[in-house]
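Below is one structure, written out as structure tokens; comments come after it.
As the structure is a computational prediction, the values presented were derived from the model and not from experiment.
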Amino acid sequence: MTLSEKVAQLGHDAPGVARLGLPPYNWWSEALHGISNVGPGTQFDNVVPGATSFPNVINMAASFNEAMWKTVGQVVSTEGRAMFNLGRAGLTFWSPTINVVRDPRWGRILETPGEDPFVVGKYAVNYVRGLQDVEGTENATDLNSRPLKVSSCCKHFAAYDVDNWKGVHRYTFDARVTEQDMLETFLKPFEMCVKEGDVSSVMCSYNRVNGYPTCADPVLLKDTIRGDWDLHGYIVADCDSVEVMVKYQHFLNDTNEDAVAQTLKAGLDLDCGVLSPKYAESSVRQGKVRVKNIDKALNYLYVVLMRLGFFDGSPKFQSLGSKDICNDEHIELATEAARQGIVLLKNDNDTLPLDTSTIKTLAVVGPHANATSVMLGNYAGVPCRMKSPIDGLSEYAKVNYQMGCDDVACKKRRFIPGAVDAAKNSDATVIVVGLDLSIEAEGLDRDHLFLPGSQAELVGQVAAASKGPVVLVIMSAGGIDISFAKNNPNIKAIVWAGYPGEEGGRAIADVIFGKYNPGGRLPVTWHEADYVNQLPMTSMPLRPVTSLGYPGRTYKFFDGPVVYPFGYGLSYTSFNHTLVSAIPSLTVNINKAILCRDIAYDTAVKLDCASVLVDDITCSDEFEFEIKVENAGKKDGSQVVIVYSKPPSGISSTHIKQVVGFQRVFLKAGGFQSVKFKLNACKSLGLIDFGGYNLLPAGEHTILVGDGAVSFPVKLSFNRV
């Protein structure tokens, strides 16, 4: 290839080289929760009119079901391969989004798996494995040649979680992040994605981190992703990120050629945009970057295409076609995923499920009562079909539908009386309210945590007038301060449905009428409205900033009052948990030459060896415990068992607790199951100190199950050998 031919391939729309038989390829396709119509690599038409649209990621995270996450990934990749065979999609899908939700105002919460780095990382690993893995080759000895079903991409790297807040835009935002927060929160899911998921691509983000554009930072790209984590794949820039460096960030007053050189030398391989293919050649001729940097980038890119069978085909997948898109099995999986992600927030007097023998007429009111496209969220494609809440609920009762609001902004009150009348004359009322992409979206952060416009007024008036029980259904990604509804005795039940995908209406109805017993848990904290008045969205520290009066962020560092906590969710049945077996102590053998490290304590604590550096030990020590989970109620149901570790008391500025494991188990009424956990001491009991050291502290750690109904100590000590 000539230099001109090489540089032409550095953008997402690679023209190929006809004289060498190298075909063109468009790298940009998306598959966040189904094959998306975002990106020129994918198209829907009469050949492929639609693809299965699963619930948004925040919904799927709420299921806390690793097997479900992987299964959805497998189905999405099957449909992606089928569309490729039909000439309607590429094989490189820039999904999933795995940024941790640091602030409840962020507009892209719907795309993410929530606020816990471990849960986000586990979602990434399972979804990526579902997308990429070819059965039988998961553990190939040479991972650089391991076959791929499709190629996945974990994004947006790193510390990206401000889109557009009060004039602060993602293109120019400089995230000032401590090494402690970087390692502990912002990098952790990406490390898991690369190391455990073996993802074949990582996308760097628009923002800067501590002054450096992420796509031009060799420490982040070359040293961390490619070096420390050993990525088997390519690194791509978020679309037009390289141009953003020149146009908006003015990084080092770079010219176009400078920006291309900076990113290539930092470890970037592909530019979603035109700047690199347009200016890379002149950058070389000006002596700013070497041709070998371009060669290295192209090598990474084309190895991925080879692993996909792009050049010589993949016989295993060549039979996939139209029959493998939007089939009954996939649609049913989308429905089940929506059901599993629904969270029951309130259920006074066991009002839910509604009984079809007594509820014959149902008022269904609110701006989302007849929602269709709203349920798809963003990065959605064309769905196979749509089931609105009205569609679903109509299968159980005669529906009396009233809008209540003209739209989600709900600025006009003239539709409220109609909703009130419907509630007065129906056996029960379902109010469907919330947010949509005009409130929370890519490029749009929220200013407050209230329901928009007059939605709260609609809810209050309808609840006061309703003849029968009132059920409030919330569609949103981020939390909303619905304290008014939580504390209103007229509102008997509250259900969070998120953005549940094409079958959302069916799933909501199945939960309300008891065909399905909800078992989802909130993957983000629902804060009180005043929380966002206490700190700006642009303040990056996770820990409280006492000098400025800023509270901590996420459940790990905030212990103030909330509307609903992380991990919250009710059921139509009740569960008991009993500790069956556990070890009270764990002794970690260490070499005599290993240096013990001090840890800062708030109180006087004297240990012979307070901690050791995780990198100094083998980290092979594990501990096991067993929990008996019993369904003590009268209905079959699923229970999510979330396990937290709590560090020894007194350690300064560390997390309150952190998720270290979780399982979702289904139990028949009266049934029980023993749930076993095996945890690695370093991964589950370690912490990052202020200097960025990953330490394993000695002392009495605590393991908590759920809200702490079951807890036990694990006393960790070191033994020199």
Return the minimal non-hydrogen interatomic distance between [X] and [Y], and the atom names on each side.
{"X": "Ser63", "Y": "Trp69", "result": "OG-NE1, 3.3 Å"}
{"X": "Asp445", "Y": "Asp163", "result": "OD2-N, 2.8 Å"}
{"X": "Leu704", "Y": "Ser711", "result": "CD2-CB, 3.5 Å"}
{"X": "Ser77", "Y": "Gly130", "result": "OG-O, 3.3 Å"}
{"X": "Ala463", "Y": "Asn490", "result": "O-CB, 3.6 Å"}
{"X": "Val462", "Y": "Ala423", "result": "CG1-CB, 3.7 Å"}

Evaluate the side chain to side chain contact (heavy atoms under 4.5 Å, CB included) criterion for residues Glu503 and Glu332: first the C-alpha distance (whole Å), next the side-chain angles of each, then the deciding distance (0.1 Å), finally the verdict. CA-CA 8 Å; Glu503 298 296 312; Glu332 184 55 39; over 6 Å; no
Using 0.5 Å steps for rounding, measure from the [atom1] atom of [X] to the [atom2] atom of [Y].
{"X": "Ile508", "Y": "Trp496", "atom1": "CD1", "atom2": "CH2", "value": "11.0 Å"}
{"X": "Ser476", "Y": "Leu451", "atom1": "OG", "atom2": "CG", "value": "8.5 Å"}
{"X": "Thr554", "Y": "Asp116", "atom1": "OG1", "atom2": "CG", "value": "7.5 Å"}
{"X": "Thr525", "Y": "Lys556", "atom1": "OG1", "atom2": "NZ", "value": "12.0 Å"}
{"X": "Arg88", "Y": "Gln43", "atom1": "CZ", "atom2": "CD", "value": "5.0 Å"}
{"X": "Asn65", "Y": "Gln663", "atom1": "CG", "atom2": "CD", "value": "10.5 Å"}

Side-chain donor or acceptor of [X] paired with backbone N/O of [Y] under 3.5 Å:
{"X": "Asp391", "Y": "Ser388", "value": "yes"}
{"X": "Arg105", "Y": "Val532", "value": "yes"}
{"X": "Ser152", "Y": "Val128", "value": "no"}
{"X": "Asp510", "Y": "Phe513", "value": "no"}
{"X": "Asp427", "Y": "Lys360", "value": "yes"}
{"X": "Asp707", "Y": "Ala709", "value": "yes"}
{"X": "Glu502", "Y": "Ser53", "value": "yes"}
{"X": "Asn56", "Y": "Leu376", "value": "yes"}
{"X": "Asn631", "Y": "Lys635", "value": "yes"}
{"X": "Tyr568", "Y": "Leu345", "value": "yes"}

Kindly list each side-chain donor-acceptor pair under 3.5 angstrom involving residues 428-437, sequence neighbours excluded, with atom names and distances?
from	atom 1	to	atom 2	distance (Å)
Thr429	OG1	Ser466	OG	3.0
Asp436	OD1	Ser438	N	2.8
Asp436	OD1	Ser438	OG	2.5

[X] and [Y]: side chain donor to acceptor below 3.5 Å:
{"X": "Ser571", "Y": "Gln639", "result": "no"}
{"X": "Glu79", "Y": "Thr52", "result": "yes"}
{"X": "Thr97", "Y": "Glu111", "result": "yes"}

Tested for ring-ring contact (aromatic ring centres under 6.0 Å, His included) against Phe566, the lone hit among Phe118, Tyr555, Phe662, Trp526 is Tyr555
Which is it for Phe415 and Leu458 under the side chain to side chain contact (heavy atoms under 4.5 Å, CB included) test, yes or no, and what are the steps along the way? CA-CA 9 Å; Phe415 295 101; Leu458 165 71; over 6 Å; no
Within a strict 4.5 Å, meaning less than it, do heavy atoms of the [X] and [Y] side chains meet?
{"X": "Phe64", "Y": "Val659", "result": "no"}
{"X": "Phe672", "Y": "Val665", "result": "no"}
{"X": "Asn488", "Y": "Val459", "result": "no"}
{"X": "Leu354", "Y": "Leu362", "result": "yes"}
{"X": "Ile342", "Y": "Val495", "result": "yes"}
{"X": "Met386", "Y": "Met375", "result": "yes"}
{"X": "Leu110", "Y": "Asn378", "result": "yes"}
{"X": "Phe677", "Y": "Val675", "result": "yes"}

Less than 6.0 angstrom separating the ring centers of Tyr499 and His33, yes or no?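 Here the rings of His33 and Tyr499 have centres that are no less than 6.0 Å from each other.
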Take Ile512 and Tyr396 through the test side chain to side chain contact (heavy atoms under 4.5 Å, CB included) and record every step on the way to the result. CA-CA 10 Å; Ile512 288 175; Tyr396 291 93; over 6 Å; no
So, Lys166 and Asp447, do they make that salt bridge, N to O below 4.0 Å?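 Not counted as a salt bridge, because no side-chain N and carboxylate O are separated by less than 4.0 Å.
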If the threshold is 4.0 Å, N to carboxylate O, is there a salt bridge linking Arg664 and Glu66? no
Determine all donor-acceptor pairs shorter than 3.5 Å in which one atom belongs to a side chain in residues 401-412; sequence neighbours excluded.
from	atom 1	to	atom 2	distance (Å)
Asp407	OD1	Ala409	N	3.0
Asp407	OD1	Cys410	N	3.2

More than 12 heavy atoms from other groups under 6.0 Å of [atom1] on [X]:
{"X": "Lys668", "atom1": "NZ", "value": "no"}
{"X": "Lys346", "atom1": "NZ", "value": "yes"}
{"X": "Asp328", "atom1": "CG", "value": "no"}

Any idea how Tyr123 and Tyr127 line up, ring-wise: parallel (<30°), tilted (30 to 60°), or perpendicular (>60°)? parallel
Kindly determine whether Lys387 and Thr335 satisfy side chain to side chain contact (heavy atoms under 4.5 Å, CB included), including the steps that lead there. CA-CA 10 Å; Lys387 290 287 184 179; Thr335 311; over 6 Å; no
